[in-house]
Novice: 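Have a look at this one.
Numbers restart at 1 for each chain; the letters A, B, ... are given by sequence-line order, proteins then strands. Because only heavy atoms are used, hydrogens play no part in the values below, and waters and symmetry mates are left out as well, while side chains stay in.
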Amino acid sequence: MIGNVIGRLLQVLPTLFGVLVLVFAMTHVLPGDPARLIAGPEATDAEVAGLRADLGLDQPVGAQFITYLSNLSRGEMGRSLHSNRPVVDELAARLPRTLILTGLALAIMISLGLAAGIISAIKPDSLRDHLLTGLSLTGISVPLFWLGLMLVLVFSYHLRWLPTGGTSSLRGYILPAVTLGLGAAAMLARLMRSSLLDIIHQDYIRTARAKGAREAVVIGRHALRNALIPAVTLIGLEAGILLGGAVIVETIFSINGIGRYLVQSIQYRDYPATQGAVLVIAVIFITVNLLTDLSYGLLDPRQRRGAA
Amino acid sequence: MSCPAPIAALAPDLLTIRNLRVHFPGQTGEVLAVDGVDLTLRAGEIVGLVGESGSGKSVTAMSILRLVPGARSSGQIALEGRDLIGLGAAEMRALRGDRIGMVFQNPMTSLNPAYTIGNQLIEAVRLHRPLGRGAARKLALTRLAEVGLTDAARVFTSYPHELSGGMRQRAMIAMAMICAPALLIADEPTTALGVTTQAQILHLLDRLRREHGTAILLITHDLAVVAAICDRVAVMYAGSVVEEAPSDDLIDRPRHPYTRALIEAIPSETGDRRRLYSIPGAALMRPDAQACAFAPRCATASERCRAARPPLITSGARGLRCWHPLEVSP
């Protein structure tokens with residue numbers, strides 16, 4: 001088990017390196033000269049050249065990359081071109097909001113998705129199964145921005161139950177998190193239904209019944225644990241997709257998180273800020289995938305001690 | 001290894017099945033999978049239930065546990081005098097795994113891959129006995145040792161995928177026997193195993209019934225298995241029992257043409273190189289209820305066989321459902 005964990009951690013390193021290369025390359029591949037952009041349209045060629053030297057942009061690309069890495073290792077991500085504040089500080093201020101939003105959305109996805117999938121699978125082709133299957137199909141099909149606007153219209157504008165966003169209290173996160181989590185929950189519900197239905201027909205479920213176990217034990221203890229293995233894969237993948245969705249949802253609900261920061265940075269051509277935001281999102285994504293991989297071992301003993 | 005088992009002959013009836021019929025609702029009307037099965041098991045007796053795939057032998061066995069999804073059963077199944085068909089769900093659950101143990105065909109897929117063998121055995125004990133984990137663990141280890149798993153402690157902490165097929169089937173048997181049931185149903189317990197392991201498992205079943213007095217209903221398509229350990233055999237064809245007899249008697253002197261055909265289909269062990277015998281035709285899924293189900297494949301079938309279904313006639317230890325029984329030389 002411990003060897004497995006170390007192995008997985010080592011596998012993360014090349015991925016992380018690849019991310020760093022890509023993030024670094026962004027400034028060099030994208031059209032436009034950062035130095036000219038920073039200096040502004042009024043600047044003379046000499047001023048731009050001076051700035052370029054100050055920023056180290058006249059160095060060979062390899063040397064620039066080394067400098068980038070060494071700065072990063074000291075927690076340096078440069079200054080935002082827009083606000084002139086350190087990017088690290090700006091990101092640190094916004095990260096908790098994005099984490100709360102995606103965390104809540106993930107909780108909504110897991111609780112609703114698993115519950116709906118299990119309820120469907122226990123009585124396939126029943127009325128409630130058809131109802132839930134129909135709902136989840138709708139959930140998958142509805143676009144995020146439309147769902148968000150509709151929720152605001154109904155729950156904020158007409159019913160006045162919840163704020164349209166804002167991050168002063170947790171209440172403000174409810175609508176954005178539901179918007180973000182519902183589609184993912186629908187996806188999980190469908191996967192959980194088919195996975196559980198598949199497991200329920202396995203021989204060892206028949207064995208559990210033949211032992212005299214109650215149906216709740218047969219499902220809860222014998223079927224669920226095995227059915228969760230594919231669900232965990234989806235939860236891991238969806239966590240990444242939720243981060244992508246956060247970019248949209250934060251914009252709709254004006255939550256000042258990493259996603260919205262990324263969109264604004266791109267609009268301002270704020271390269272250091274864009275680099276920082278992309279890097280943070282990528283690191284979160286890698287971490288979630290690592291946790292997903294490690295959780296297989298907890299669920300499935302065959303992955304723990306080597307398959308027979 | 002065949003045994004006359006004098007104990008069994010004197011023992012009281014443990015399981016009596018009378019006129020069991022099992023229907024499945026299908027797309028084009030109901031399918032009758034089991035059509036009037038009668039069967040009796042006495043305490044400590046091993047009875048073989050033999051037949052081709054689709055003859056209804058597994059459905060009959062699973063009907064005893066009432067674990068046939070979507071089926072409707074009628075008739076009578078009585079265990080120790082209690083009618084199982086009318087039993088409440090909770091009372092039925094209390095019998096499963098306690099008075100009736102079950103061993104399935106495929107030990108590779110019949111154990112839960114997510115839990116250790118020990119965990120699954122302890123669960124089986126504690127569903128029926130008010131024992132703490134320590135006491136349950138002790139009983140589980142005893143049973144594992146009893147079924148010939150010499151390294152019981154290691155098997156206890158192993159996951160199913162870490163064991164061989166034979167070891168898994170032994171663990172499965174230990175789990176089915178954990179509460180020392182009165183009846184053990186074994187559905188093709190050796191079919192998925194290698195030849196040497198097969199013999200060992202049969203030997204184990206025979207020993208367990210001697211040690212615990214457990215009656216065994218052994219479902220198989222293999223008459224060699226029957227000859228090895230069964231006291232009596234019931235041969236099923238198209239949902240009903242066509243012949244029943246003490247196993248030596250049945251194999252030496254079959255009276256139903258189907259039984260004789262089954263015996264002739266056993267490949268000879270003496271190196272006889274003639275072609276393998278097979279029964280011509282295939283069993284009908286939905287035989288005509290007004291005729292002998294075997295008539296279309298039977299060499300001795302007459303008009304009478306096609307016009308009326310023969311009743312099950314019992315005389316002494318034998319039962320037979322045939323209008324034209326084969327003559328037996330005394």
Novice: Please examine the side chains of B:R93 and A:R209, heavy atoms only from C-beta on, and report whether any two atoms are closer than 4.5 Å.
Specialist: no
Novice: Has A:R302 got its NZ or CZ under 6.0 Å from the middle of the six-membered ring of B:Y159, at an angle within 45 degrees of the ring axis?
Specialist: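 No - A:R302 does not lie over the ring of B:Y159 by the 6.0 Å and 45° rule.
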Novice: Is B:R133 atom CZ crowded by more than 12 heavy atoms from other residues, nucleotides or ligands, each under 6.0 Å away?
Specialist: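 No - once you tally the heavy atoms of other residues, nucleotides and ligands closer than 6.0 Å, there are 12 at most.
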Novice: Test side-chain contact (heavy atoms from CB on, under 4.5 Å) on A:R206 and B:M62 and set out the steps.
Specialist: CA-CA 10 Å; A:R206 188 179 57 179; B:M62 292 305 282; 3.7 Å; yes
Novice: Rounded to the nearest 0.5 Å, how far apart are CE of B:M108 and CG of A:D203?
Specialist: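 The distance works out to 12.0 Å.
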Novice: So, taking the atom named OH in B:Y115 and the one named OH in A:Y204, what distance separates them when rounded to the nearest 0.5 Å?
Specialist: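 If I round to the nearest 0.5 Å, the distance is 10.0 Å.
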Novice: Would you mind checking which part of B:M172 comes under 4.5 Å of any heavy atom in chain A, side chain (CB onward), backbone (N, CA, C, O), both or neither?
Specialist: side chain
Novice: Against chain B, label A:R225 side chain, backbone, both or neither, depending on which of its atoms sit under 4.5 Å from a heavy atom there.
Specialist: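 The side chain, not the backbone.
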Novice: Which one wins on heavy-atom pair count under 4.5 Å against chain A: B:A124, B:G97, B:A89, B:S110?
Specialist: B:S110
Novice: Supply the atom-to-atom distance A:I205 CD1 to B:L67 CG, rounded to the nearest 0.5 angstrom.
Specialist: 12.5 Å
Novice: Please check: side-chain N/O of A:K211 versus main-chain N/O of B:Q120, any donor-acceptor pairing under 3.5 Å?
Specialist: yes
Novice: Looking only at heavy atoms, what is the nearest atom pair of B:A114 and A:N226, with distance?
Specialist: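 Between these two residues, the closest heavy atoms are CB-OD1, 3.7 Å.
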Novice: Under 3.5 Å, side chain of B:N112 to main-chain N/O of A:H222, donor-acceptor pair present?
Specialist: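 Side chain of B:N112 to backbone of A:H222: a pair is present.
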Novice: What residue in B:S164, B:P113, B:P160, B:A94 has the most heavy-atom pairs under 4.5 Å with chain A?
Specialist: B:P113
Novice: Would you check if A:D300 and B:H161 make a side-chain contact, meaning some heavy-atom pair closer than 4.5 Å?
Specialist: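 They are not in contact (no side-chain heavy atoms under 4.5 Å apart), so the answer is no.
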